[in-house]
Amino acid sequence: PRVRRVSRLGNFIRSNLRLPTLAGNTTTRSRGPGCEKMRRSTSPPAAPILYTRHELLQGGIVGELPAWGQLLGEARFHTYMSEAGEDTHRAIELYQWSTALAGAFVPQLAHFEVLTRNSLNSALRVWNSRQPGYLNVFDWALDDQTAPRLYSLIGKDLGRARVWARQQASDREVGHPRRNAAITHDDVLAQLTMGTWVKLLGAGAKQDAAAKQTSEDIWVEHLHVAFPNAGSVNIADPGRRRSLGARYARIAKLRNRISHHEHLLHVDVRRRVNDLLSVLGEINPDLPAWVMEGSRIRQVNSQDPRKTR
């Protein structure tokens, strides 16, 4: 029989759950160092108890589950309880698995964001330096150095990124060589979110027709060189940009879910990994293997409690 591994969170929750006494099935607990013993009466065993969300999180048991009922919160745990068919122990397993999967994705998402950002930046530096009135102006992220068409797409993003970069400079510790230093192009670049690149690739959800046309024009003119490994497809093909933009947007959405600690119960892991690796492969064919080296994504995904029962 399969041995269920119980994590620390599961142990903590179970140790705080005191089951109510039921007729014909009296349960008590006695704790000793490193172990827990169960003593039952000789009465015939009752059926397993499955608590509903209302009973666990709004009923009298809520006081017995401080970490679960009060700190995890009903709204958050609602999804796991529904997915687990109101089985509380299975819901705990799903919560722990989803959190582990999120953690497994973090290294690959970090590589993806940095690599795509730097490749796009390199292309934009060249494009910006060729625009009328901005010849040889490479630092497009700084004040008054962004060509008008690019600013029309991401001007608000740049404004926020500059504010955050200045704040970061002022927050550096006393004695830091760059405390209160003037911000650089790279300082601002590091503050841009993945949503900025989604817009540049024409996949922004709120972009109007004019913005999408501008992003397509910048792509055709030079941004396409950020993804030079086009295979047999025309490297500057607008259709290729739309495909890249859609894949990039899906990865950005996944990254945001993980950053905000949202569940991954309905994420198609295989397809999202394929999105991530295919985008990186269009930058450099060696990147997918390097990025996935040591990855735990597939291993953790295979441990989905819904697949092992």
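This is a predicted model, so every value here is computed, not measured.
Without hydrogens or angle criteria, Arg240 side chain to Phe227 main chain gives a donor-acceptor distance under 3.5 Å. Side chain of Arg172 to backbone of Asn180: no donor-acceptor contact under 3.5 angstrom is found. Checked by atom type and distance alone, the side chain of Ser152 pairs as donor or acceptor with a backbone atom of Arg149 at under 3.5 Å. Ser129 places no side-chain N or O within 3.5 Å of a backbone atom of Phe138 that could act as its donor or acceptor partner. For Gln207 (side chain) and Gly204 (main-chain N/O), a donor-acceptor pair under 3.5 Å exists by modelled atom type. Between the side chain of Arg76 and the backbone N or O of His261 there is at least one donor-acceptor pair closer than 3.5 Å. Not a single donor-acceptor pair under 3.5 Å links the side chain of Asp139 to the backbone N or O of Gln145. Counting only distance, with no hydrogens or angles, the side chain of Thr99 and the backbone of Tyr95 share a donor-acceptor pair below 3.5 Å. Judged purely by atom type and a 3.5 angstrom limit, Arg162 uses its side chain to pair as donor or acceptor with the backbone of Ala141.
The shortest side-chain heavy-atom distance between Leu120 and Leu200 does not fall under the 4.5 Å cut-off. A heavy-atom distance below 4.5 Å is not found between the side chains of Val163 and Gln167. Taking 4.5 Å as the limit, some side-chain heavy atom of Arg90 sits within range of a side-chain heavy atom of Arg306. Looking at Leu189 and Asn118, their side chains come closer than 4.5 Å, going by heavy atoms from C-beta outward. Proximity of Arg272 to Leu276: side-chain heavy atoms (C-beta onward) are nowhere separated by under 4.5 Å. A heavy-atom distance below 4.5 Å is found between the side chains of Ile218 and Leu153. Counting heavy atoms from C-beta outward, Leu101 and Asp304 have side chains that stay 4.5 Å or more apart.
Judged by distance alone, the side chains of Arg247 and Ser243 do bring a donor and an acceptor atom under 3.5 Å apart. Side-chain polar atoms of Ser215 and Arg241 form a donor-acceptor pair below 3.5 angstrom. Checking Glu221 against Trp127 by side-chain atom types alone, a donor-acceptor pair falls below 3.5 Å.
Minimum interatomic distance between Ala203 and Ala249 (heavy atoms only, all atoms of both residues): CB-CB, 4.1 Å. Residues Ile235 and Ala230 come closest through the heavy atom pair CA-CB, 3.9 Å. A pairwise comparison of heavy atoms in Leu192 and Glu113 identifies O-OE2, 4.3 Å as the closest pair.
Within 6.0 Å of atom CZ in Arg160, more than 12 heavy atoms from other residues, nucleotides or ligands are found, so the atom counts as buried in its surroundings. Surrounding NZ of Lys253 are at most 12 heavy atoms belonging to other residues, nucleotides or ligands under 6.0 Å away.
Listed by chain and number, the residues in a ring-ring contact (aromatic ring centres under 6.0 Å, His included) with Phe105 amount to none (sequence neighbours excluded). Remark: His185 engages Trp140 in a ring-ring contact (aromatic ring centres under 6.0 Å, His included) (not counting sequence neighbours). With sequence neighbours excluded, the residues satisfying salt bridge (charged side-chain N to carboxylate O under 4.0 Å, His left out) with Asp187 are Arg178. With sequence neighbours excluded, the residues forming a salt bridge (charged side-chain N to carboxylate O under 4.0 Å, His left out) with Arg242 are Glu216, listed by chain and number.
In the hydrophobic clustering of this structure, Leu265 groups with Ile258; members are Ile, Leu, Val, Met, Phe, Trp, Tyr whose side-chain heavy atoms approach within less than 4.5 Å, directly or through other members. Tracing side-chain contacts under 4.5 Å through hydrophobic residues (I, L, V, M, F, W, Y), one reaches Leu244 starting from Val220; they form part of the same cluster. Taken together through direct or relayed side-chain contacts under 4.5 Å among Ile, Leu, Val, Met, Phe, Trp and Tyr, Val106 and Leu115 form part of one hydrophobic cluster. Hydrophobic clustering keeps Val225 apart from Tyr248 (ILVMFWY residues linked when any side-chain heavy atoms are closer than 4.5 Å, directly or through intermediates). Linking Ile, Leu, Val, Met, Phe, Trp and Tyr residues whenever their side-chain heavy atoms come within less than 4.5 Å leaves Trp197 and Val126 in two separate clusters.
Taken from CD in Glu83 to NE2 in His78, the straight-line distance is 11.0 Å, to the nearest 0.5 Å. Considering CG of Asn274 and CG of Asp268, their distance stands at 8.5 Å, rounded to 0.5 Å. One finds the OG1 atom of Thr196 at 6.0 Å from the CD1 atom of Ile154 (value rounded to the nearest 0.5 Å). A distance of 8.0 Å separates NE2 in His224 from CG in Asn234, rounded to the nearest 0.5 Å. Atom CG of Leu109 sits about 10.0 Å away from atom NE2 of His111, to the nearest 0.5 Å. Separating the CD atom in Gln131 from the OG1 atom in Thr146 is a distance of 11.5 Å, to the nearest 0.5 Å.
A salt bridge is defined here as a Lys NZ or Arg NE, NH1 or NH2 lying under 4.0 Å from an Asp or Glu carboxylate O, and Arg179 with Asp171 fails to meet this definition.
Members clustered with Tyr134: Val137, by chain and number, using a 4.5 Å side-chain heavy-atom cutoff among hydrophobic residues.
The one candidate from Ile92, Leu94, Thr88 that meets the side chain to side chain contact (heavy atoms under 4.5 Å, CB included) condition with Met81 is Thr88.
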Solution key, residues 283-301 side-chain donor-acceptor pairs under 3.5 Å, sequence neighbours excluded:
from	atom 1	to	atom 2	distance (Å)
Asn284	OD1	Asp286	N	2.8
Ser295	OG	Ile297	N	3.2

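The aromatic rings of Tyr80 and His263 lie perpendicular to each other, with more than 60° between the two planes, well past the 30° mark.
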